[in-house]
Amino acid sequence: MLKIGIIGTGWFSGVHANILNKMEDVHIMGICGSSKEKAEKYASNYPNATGYGDVKEMLDRENLDAVYICIPPFAHGEIELELINRGIPFLVEKPLSVDLDIPDEILRKLKDQPVITSVGYHFRYRESIDTLKNELNLSTIGMITGSWMGSMPGVYWWRNQETSGGQFIEQTTHLVDLLRYTVGEVREVYAAYGSRSLPSRYEDVTVSDIGTVTLKFTNGVIANLSNTCILPEGDSKNGLDYYTDKGILQLGFDTLKTSKKGEIIVKEDTTDPYVKENEAFLHAVRTGDTSKILSTYEDAYKTQEITVAALRSAKEGLPVKIS
């Protein structure tokens, strides 16, 4: 039996907890929140779980096999370092932080004291991504356009640049990561961000509400990703369009549309990528075989590096090289 702890009581914690709760030989033993009261209320949904208001207390009292970290971007650092010190595997939700300072420290620690890690880039586990990669291997990619267009999340920390990192770091990172996974590594970014309507509609908004980023890949491919969070609730547009010498590949939220010489084939995802992500991580915890984990902390750091470079580029008005 695997004993699991969860840090965080938000939506992502529930996504993972509900999946774990249905698995055989997996027990959620502890849930840690920003307050004990909040954690105890959350833990009441799971038969074996105890609520905690302090991470170290949960780790001291529960003999955990793995921990899920589902917290806002600004809260990372001490939790990961404590888990590494104790040798406890962890799955952490994206993004890794608001910048690179904390991830730098954690990555150095992991190199000295390795533990099994997984990062919540769950789109990699979509079944359509395997089809997409196979199609791309048979083609010459010219360029890619992508968008993450939606409304502003209601949580207080999201509208603050210092606590969320901004939309490209907090949300559009999913598209950046998929491009790395399907195309290759990025060597240069150039970004332009702006502010159009959020500051007049909400108080204390310091994040940009529009942005576009050009990515140059080491293999010569060029991509452009744009995002906005000014749309009204209910309106959204997310996805990637790959333009190749064989046709167009359009990756939607849960579909892949292939167009070759006007013939269109649509493939819908039928399995839950969150489930596959959890299965891969827990398989590694049980066996030590990490081959099914598609995004480790070290790999996810490279995605974080690109999104942070985009923010720097937007501030400076200059291209930024990726080391």
Side-chain angles (χ1 to χ4, degrees), residues 12 16 66-71 73 76-77 79-81 83-84 88-130 132-133 136-137 144 146 165 168-189 213 215-219 221 223 225 240 251 273-274 276-285 287-311 320-323:
F12 265 117
H16 291 296
V67 169
Y68 284 63
I69 307 171
C70 307
I71 58 177
H76 291 281
I79 293 169
E80 289 92 336
L81 294 173
L83 292 170
I84 295 169
I88 300 175
F90 61 85
L91 185 152
V92 57
E93 274 301 334
K94 45 51 65 186
L96 301 183
S97 185
V98 297
D99 51 29
L100 285 177
D101 294 344
I102 293 298
D104 277 337
E105 185 178 2
I106 292 170
L107 193 59
R108 287 195 300 269
K109 190 76 171 177
L110 281 169
K111 289 180 179 178
D112 291 336
Q113 298 174 242
V115 299
I116 292 170
T117 63
S118 178
V119 179
Y121 285 110
H122 66 283
F123 289 157
R124 290 190 178 205
Y125 295 86
R126 290 175 49 181
E127 57 192 289
S128 57
I129 299 302
D130 287 336
L132 171 64
K133 292 183 74 173
L136 292 176
N137 286 335
I144 303 138
F168 200 77
I169 287 175
E170 210 286 320
Q171 287 183 330
T172 316
T173 182
H174 275 301
L175 301 185
V176 175
D177 189 73
L178 270 182
L179 289 180
R180 285 191 53 245
Y181 188 58
T182 57
V183 178
E185 297 301 340
V186 173
R187 63 179 174 86
E188 185 177 273
V189 303
V213 180
L215 309 174
K216 294 182 179 179
F217 290 79
T218 57
N219 57 14
V221 172
L225 299 178
L240 292 168
L251 186 70
Y274 285 112
K276 293 177 67 176
E277 177 186 56
N278 275 271
E279 290 174 344
F281 175 61
L282 296 183
H283 170 77
V285 173
T287 66
D289 173 20
T290 61
S291 62
K292 296 182 180 181
I293 294 176
L294 301 183
S295 179
T296 63
Y297 197 94
E298 183 176 8
D299 186 81
Y301 178 92
K302 297 176 183 178
T303 297
Q304 182 80 7
E305 190 176 18
I306 296 166
T307 59
V308 171
L311 177 61
V320 174
K321 300 282 187 182
I322 304 297
S323 60

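- Annotation: the span from I106 atom CD1 to R108 atom CZ amounts to 10.0 Å, rounded to 0.5 Å.
- The shortest side-chain heavy-atom distance between V186 and V176 does not fall under the 4.5 Å cut-off.
- Closest of all the heavy-atom pairs between P73 and V98 is CB-CG1, 3.7 Å.
- Rounding to the nearest 0.5 Å gives a distance of 7.5 Å between CG of D99 and CD1 of I169.
- Ring geometry, Y274 versus H122: the interplanar angle falls under 30°, so the pair is classed parallel (tilted spans 30 to 60°).
- Judged by distance alone, with hydrogens and angles left aside, the side-chain atoms of T296 form a donor-acceptor pair with the main-chain N or O of D299 at under 3.5 Å.
- T117 places a side-chain N or O within 3.5 Å of a backbone atom of Y297 that can act as its donor or acceptor partner.
- In this structure the side chain of E80 never reaches within 4.5 angstrom of the side chain of K109, judged on heavy atoms.
- Within the 4.5 Å cutoff, the side chain of F281 has heavy atoms near those of the Y68 side chain.
- The line from CG of N278 to CG of L91 is 6.5 Å long, rounded to the nearest 0.5 Å.
- No donor-acceptor pair under 3.5 Å is formed between the side chain of Y121 and the backbone N or O of A300.
- Across all their heavy atoms, E170 and K94 have their closest contact at O-NZ, 2.8 Å.
- With rounding to the nearest 0.5 Å, the separation of CG in L100 from CD in Q304 is 6.0 Å.
- Residue K276 places its NZ atom among more than 12 non-hydrogen atoms of other residues, nucleotides or ligands, all under 6.0 Å distant.
- Looking at D177 and R180, a side-chain N of the basic residue comes within less than 4.0 Å of a carboxylate O on the acidic one, giving a salt bridge.
- When every heavy atom of C70 is checked against every heavy atom of H16, the shortest pair comes out as SG-CD2, 3.8 Å.
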Could you walk me through whether L132 and R126 pass side chain to side chain contact (heavy atoms under 4.5 Å, CB included), step by step? CA-CA 10 Å; L132 171 64; R126 290 175 49 181; over 6 Å; no

Exercise. List the steps and the verdict of side chain to side chain contact (heavy atoms under 4.5 Å, CB included) for T303 and V119.
Key: CA-CA 11 Å; T303 297; V119 179; over 6 Å; no

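- Side-chain contact between E305 and S323: present, with at least one pair of heavy atoms (C-beta onward) separated by less than 4.5 Å.
- Here the straight-line distance linking atom CG of L282 with atom CD1 of I116 works out to 10.0 Å at 0.5 Å rounding.
- Looking only at side-chain heavy atoms (C-beta outward), L215 and V221 stay at 4.5 Å or farther from each other.
- Smallest separation of non-hydrogen atoms from F217 and R187: O-NE, 3.4 Å.
- At most 12 non-hydrogen atoms from other residues, nucleotides or ligands lie less than 6.0 angstrom from CD of E298.
- Y125 and S295 make their closest contact through OH-N, 4.0 Å (heavy atoms, listed as atom of the first residue, atom of the second, distance).
- For the pair L96/I102, no side-chain contact is recorded, criterion being any heavy-atom separation below 4.5 Å from C-beta on.
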Which is it for K302 and I306 under the side chain to side chain contact (heavy atoms under 4.5 Å, CB included) test, yes or no, and what are the steps along the way? CA-CA 7 Å; K302 297 176 183 178; I306 296 166; 5.7 Å; no

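- Minimum interatomic distance between V285 and P89 (heavy atoms only, all atoms of both residues): CG2-CB, 4.0 Å.
- Side-chain contact between V213 and T172 is absent, with no heavy atoms from C-beta onward closer than 4.5 Å.
- Of the candidates L175, V183, L178, I144 forms a side chain to side chain contact (heavy atoms under 4.5 Å, CB included) with just one, namely V183.
- A heavy-atom distance below 4.5 Å is not found between the side chains of R124 and I129.
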